[in-house]
Structure formats: structure tokens, C-alpha cells
Amino acid sequence: MLDVAVVGVGKVGATLSAAWHRAGLSVGLVARNLDSSTMFSIAAEFGLPRLYLPEAARSARVVVVADPRESVADLFEDLRGVHASAIFIDAASGPSDGDRFGAMRSLTTGAPVYRAFNTLGWSDFVDPTYGGELPDVFYAGPDDDARDLVEGLVGCLAMRPVYVGGYDNVRLIDSLAELRDAVQAVRPGRRSRSACSNG
């Protein structure tokens, strides 16, 4: 069984896949088109298997939806009639609107679905430490045993998991992501300096 299967091989998906692979987890890549040049090159570089979503839902402990090219509603249609043993994490950037998160919940036949990893940028997964401090990964979803898997994935990235509550609090996770995006928009490329530093 795979530890984690990642849907999407954009910057976030590729970076998370590589980071979990380096941490010693078994990782698979998921898409509808398994032969795209990006999918093929990333899979070959790290020796990762390529899977369709129904196979990943049956053979992975966790399926992380990072940045798929297809809409999640279309992608998850492939799960109709499939018994999913995995839990699912919505890590896609942008707001987790009712269409995407709702589709994930309704099409995963009762599997736990979480919102996580979207409050950080892809570069944070490359170099997660900030002056020796671990960054927080805020997440929301069911308060059950599946949380251990989510927190394990966060810990493998050398980050600290922070649970904020159930499905009603997914909007809080998105508000943090929106705040981060707003700050980056007005401070592009700026580094924080101490008010007491010279120069």
C-alpha cells in the first residue's frame, strides 16, 4: 500500500511528492493522463508509480489533491462506484469552494476529507524552516483517527500540524490562505528585516 498518492504535478504537487519521497514515504502520482511529459519526467526522476484515481483511492492511505489540470468535480466522477479506503486532502490553491470541496466529499463515498497545505507556498515545502522555527500547517476536517495520517504527513515535511476543527472551519483555512496571498501581492519578493537592523 502506498503512503500517499498526489493528484497533480504542478509546483505544489511536484514539490510535495518529492519532499515526501525524500522523507522515506512511498508516493504515487495521479492523473487522468498518465503519459503527459511533466507526469512522466517527475515519475521517472524519483521512480514513482503513476496511477489513475480509482486505483489510488483503493491502494493509498492518503490521496492529496494538489493542483490537478482537470476540475475536481470531473476528476472525482471517476470514483463513482469505487470503494475508497484512502482519506483525502484538498491541498489545491485558491478557495475551497462548494463545488470542489463538496464534490470531493460527495464523490468519495463517505471517506474523510480534509483541507490542508494551502496556507503555504510551494517554496515553503522545499525549505520549511524559518530561523530555526517550524512553520504551522493549519488543517480542518473530521475529528477522528484519520487525523493521525494528516498529522503524520505534515510531520514528514518538518512542519507542525495545527487542527482548527471540523468541516465548518474549512473556511478559516481558506481565509488564512487569502491573507497570505494578499500580503504577497503588496510585498512581492520583500524580505522581513528587524527594525533594529543596520542598513
Can you find a pair of side-chain heavy atoms, one from Phe125 and one from Phe117, that are under 4.5 Å apart? yes

Rounded at 0.5 Å granularity, tell me how far CG in Leu25 sits from SG in Cys156. 4.0 Å

Judged by atom type as modelled, is there a donor-acceptor pair below 3.5 Å linking the side chain of Asp3 to the main-chain atoms of Ser26? yes

CZ (Arg32) and CG (Asp78) are apart, to the nearest 0.5 Å, by 4.0 Å

Quick one: are Leu157 and Pro135 in side-chain contact, heavy atoms under 4.5 Å? no

Using every non-hydrogen atom in the two residues, find where Val27 and Pro49 come nearest and quote the distance to one decimal. O-CD, 3.2 Å

For Arg58, does its backbone N or O pair with a side-chain atom of Ser85 as donor and acceptor, under 3.5 Å? yes

Mark yes or no for whether Trp20, through its side chain, and Leu153, through its backbone, hold a donor-acceptor pair below 3.5 Å. yes

When you look at Leu48 and His21, which way does the side-chain contact (heavy atoms from CB on, under 4.5 Å) test go after all the steps? CA-CA 9 Å; Leu48 306 181; His21 175 70; 3.7 Å; yes

Would you confirm whether Thr15, through its side chain, and Val12, through its main-chain N or O, come within 3.5 Å as a donor-acceptor pair? no

Could you measure the distance from the OG atom of Ser17 to the CG atom of Leu29? Nearest 0.5 Å is fine. 5.0 Å

Check whether any side-chain N or O of Asp136 sits under 3.5 Å from a backbone N or O of Phe138 as a donor-acceptor pair, and report yes or no. no

Please name the pair of heavy atoms, one in Gly121 and one in Asp124, separated by the smallest distance, quoted to 0.1 Å. N-OD2, 2.7 Å

For Ala60 and Ala86, work out which heavy atoms get closest and say how close. O-CB, 3.1 Å

Look up atom CG in Leu120 and atom CG in Leu16, then write down how far apart they are to the nearest 0.5 Å. 9.5 Å

Yes or no on side-chain contact (heavy atoms from CB on, under 4.5 Å) for Ile89 and Val150, after CA distance, side-chain angles and deciding distance? CA-CA 8 Å; Ile89 299 176; Val150 179; 4.0 Å; yes

Are any non-hydrogen side-chain atoms of Val7 and Leu53 less than 4.5 angstrom apart? yes

Using a 4.5 Å cut-off on heavy atoms from C-beta on, say whether the side chain of Tyr52 contacts that of Leu34. yes

Between Phe88 and Tyr114, does the ring centroid distance fall short of 6.0 Å? no

Arg50 to Phe40 six-membered ring, cation-pi geometry met (6.0 Å, 45°): no

Just wondering, more than 12 heavy atoms not from Asp144 lying within 6.0 Å of its CG? yes

Do Val154 and Val126 share a hydrophobic cluster, counting only Ile, Leu, Val, Met, Phe, Trp and Tyr and linking them when any side-chain heavy atoms are less than 4.5 Å apart? yes

Side-chain touch Arg160/Val137, heavy atoms, less than 4.5 angstrom: no

Rounded to the nearest 0.5 angstrom, the CE-CG distance for Met104 and Leu75 is 9.5 Å

Nearest 0.5 Å, what's the CG-CD1 distance between Leu149 and Ile87? 4.5 Å

How far apart are the C-alpha atoms of Tyr163 and Glu151, what are their side-chain angles, what is the distance that settles it, and do they pass the side-chain hydrogen bond (donor to acceptor under 3.5 Å, both in side chains) test? CA-CA 9 Å; Tyr163 181 61; Glu151 298 204 348; over 6 Å; no

Taking all non-hydrogen atoms of both residues, which atom of Met39 and which atom of Ala31 are closest, and how far apart? CE-CB, 3.2 Å

Side-chain donor-acceptor pair under 3.5 Å between Arg115 and Tyr167, yes or no? no

What are the two closest non-hydrogen atoms of Ala57 and Leu79, and how far apart are they? CB-CD2, 3.7 Å

Checking Asn169 side chain against Arg171 main chain: does a donor-acceptor pair fall under 3.5 Å? no

Less than 4.5 Å apart, side chain to side chain, heavy atoms only: is that true for Thr119 and Ile173? yes

